[in-house]
Amino acid sequence: HGGALPMTQATTTDVPLNIKETRSHPQKLRIGQAAAKLIQNGETIILDSGSTTAEIARQIRQMKFESLTVVTNALNIALELSGLPNIRVMMLGGLLRQTSYSLVGPDAEQALSRISADRLFLGVDGLDPVVGVTTPDPLEASLNALMIRVSRETIAVFDASKLGQRSLSVITPVQTLHAAITDSSASPEMIEALRGAGVKVTLV
């Protein structure tokens, strides 16, 4: 009554980014640092929208890249990386989602379909070894699936609270992920299931 949801269903709702950013912040900082270390000079990377991927963008700001191309559908990430001399930012167009500052829809997908990336850092709302990687918004899920297709490597970045959670829209089965970076409080059973699916898991 009145729109309240039991805790078990919490991930099916779309939480605003400014609230997400305050949750598990120390873990997201460590995940962002570990992810940024994987980026090589001259690469083209995709940063999906989300609070953990925004942390990767903050780490990139502090690093000395000779050249780097960052493709993103997130307004806040594009702003974070604007004004850096050796970093080229490509923003996808589309429909703005107020809760996540992300652009989605056919225009975003059309722009994305014309590029090829070395690696994608994918923020997730839920990751269940059986159901796969999920997000509350169907348009976001469709765009994320295309991000995976145009990238040579997909790395999921998420704090351990996302493990075992399920949202409305499935992005991809876990077997599609090449790697995952999460925090050390993750349940050993979940980590074992991911590794069993062929995902290289890094705990920070």
Side-chain angles (χ1 to χ4, degrees), residues 10-11 15 17-41 43-65 68 70-74 76-77 80-81 84 87 100-102 117-135 140 144 147-148 151-167 171-204:
T11 55
V15 180
L17 188 67
N18 57 349
I19 294 173
K20 278 185 179 178
E21 289 200 320
T22 62
R23 293 179 178 171
S24 309
H25 186 257
Q27 292 90 328
K28 288 174 182 175
L29 180 63
R30 295 200 304 271
I31 294 163
Q33 288 167 337
K37 284 180 186 150
L38 300 175
I39 303 166
Q40 308 289 317
N41 253 324
E43 283 190 335
T44 295
I45 65 162
I46 300 176
L47 288 180
D48 170 34
S49 63
S51 52
T52 308
T53 46
E55 205 55 66
I56 300 173
R58 289 184 194 112
Q59 295 302 316
I60 291 172
R61 273 197 80 88
Q62 298 165 34
M63 297 165 83
K64 297 284 182 275
F65 287 104
L68 184 68
V70 179
V71 179
T72 187
N73 67 321
N76 57 318
I77 289 174
E80 191 74 50
L81 297 173
L84 297 174
I87 296 181
S100 61
Y101 306 138
S102 64
D118 294 295
R119 54 176 60 100
L120 158 65
F121 293 97
L122 181 68
V124 305
D125 288 276
L127 194 151
D128 182 287
V130 177
V131 176
V133 184
T134 57
T135 188
E140 192 100 49
N144 288 157
M147 287 176 174
I148 292 167
S151 303
R152 287 194 300 121
E153 185 183 31
T154 299
I155 301 160
V157 288
F158 53 91
D159 67 83
S161 71
K162 308 288 170 46
L163 274 169
Q165 301 288 357
R166 301 173 182 191
S167 271
I171 297 166
T172 191
V174 293
Q175 289 82 356
T176 315
L177 303 173
H178 296 92
I181 305 173
T182 188
D183 65 83
S184 50
S185 69
S187 101
E189 296 79 22
M190 284 286 178
I191 297 306
E192 211 44 59
L194 285 178
R195 287 178 172 150
V199 182
K200 181 187 171 193
V201 182
T202 301
L203 300 174
V204 294

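Note that the coordinates shown come from a computational prediction; the quantities given were computed from them, not determined experimentally.
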Colleague: Hey, does the side chain of R119 reach the backbone of L38 with a donor-acceptor pair shorter than 3.5 angstrom?
Modeller: yes
Colleague: Mind listing the closest non-hydrogen atom pair of I56 and A35 along with its distance?
Modeller: CD1-CB, 3.6 Å
Colleague: Quick one: are N41 and L68 in side-chain contact, heavy atoms under 4.5 Å?
Modeller: no
Colleague: So how far is it from Q27 CD to D159 CG, rounded to the nearest 0.5 Å?
Modeller: 6.5 Å
Colleague: In Å, rounded to the nearest 0.5 Å, how long is the span from CD of E153 to NZ of K200?
Modeller: 8.0 Å
Colleague: Would you name the heavy atoms of V204 and A34 that are closest together and state the gap between them?
Modeller: CG1-CB, 3.7 Å
Colleague: Please tell me if the side chains of I155 and I181 come closer than 4.5 Å, counting only heavy atoms from C-beta onward.
Modeller: yes
Colleague: Please confirm whether the backbone N or O of E80 pairs with a side-chain atom of R58, one donor and one acceptor, at under 3.5 Å?
Modeller: no
Colleague: Any heavy-atom pair between the side chains of F65 and I39 that's under 4.5 Å?
Modeller: yes
Colleague: Just wondering, do V157 and D48 contact through their side chains at under 4.5 Å, heavy atoms?
Modeller: no
Colleague: So, S102 side chain and A74 main chain: donor-acceptor pair closer than 3.5 Å or not?
Modeller: no
Colleague: Got N144 and V124 here, is their nearest side-chain heavy-atom distance under 4.5 Å?
Modeller: no
Colleague: How far apart are the closest heavy atoms of D125 and S167, and which atoms are they?
Modeller: CB-OG, 4.0 Å
Colleague: Whether the S49 and E140 side chains hold a donor-acceptor pair (N or O, under 3.5 Å, no angle test) is what I'd like checked.
Modeller: yes
Colleague: What's the shortest heavy-atom distance between L47 and T72, and which atoms?
Modeller: O-OG1, 2.7 Å
Colleague: Distance from L194 atom CG to Q175 atom CD, nearest 0.5 Å?
Modeller: 9.5 Å
Colleague: So how far is it from L122 CG to H178 NE2, rounded to the nearest 0.5 Å?
Modeller: 12.5 Å
Colleague: Taking all atoms of both residues into account, what is the closest heavy-atom pair of I46 and S151, and its distance?
Modeller: CD1-OG, 3.4 Å
Colleague: How many angstroms lie between OG1 in T53 and CZ in F121, if you round to the nearest 0.5 Å?
Modeller: 10.5 Å
Colleague: Step by step, would you call I60 with L81 a side chain to side chain contact (heavy atoms under 4.5 Å, CB included)?
Modeller: CA-CA 8 Å; I60 291 172; L81 297 173; 3.8 Å; yes
Colleague: Could you tell me whether a side-chain N or O of T134 sits under 3.5 Å from a main-chain N or O of R166, the two making a donor and an acceptor?
Modeller: no
Colleague: At what distance, to the nearest 0.5 angstrom, does CG of D183 lie from CD1 of I31?
Modeller: 5.0 Å
Colleague: Would a 4.5 Å heavy-atom cut-off, applied to side chains only, mark K28 and Q33 as touching?
Modeller: no
Colleague: Quick check: do T176 and T154 have side-chain heavy atoms less than 4.5 Å from each other?
Modeller: no
Colleague: At their closest point, which heavy atom of P129 faces which heavy atom of M190, and how far apart are they?
Modeller: CD-SD, 3.6 Å
Colleague: Are any side-chain N or O atoms of Q62 and backbone N or O atoms of Q59, one a donor and one an acceptor, separated by less than 3.5 Å?
Modeller: no
Colleague: Flag the pair L127 / L177 as yes when at least one side-chain heavy-atom distance between them is below 4.5 Å, and no otherwise.
Modeller: yes
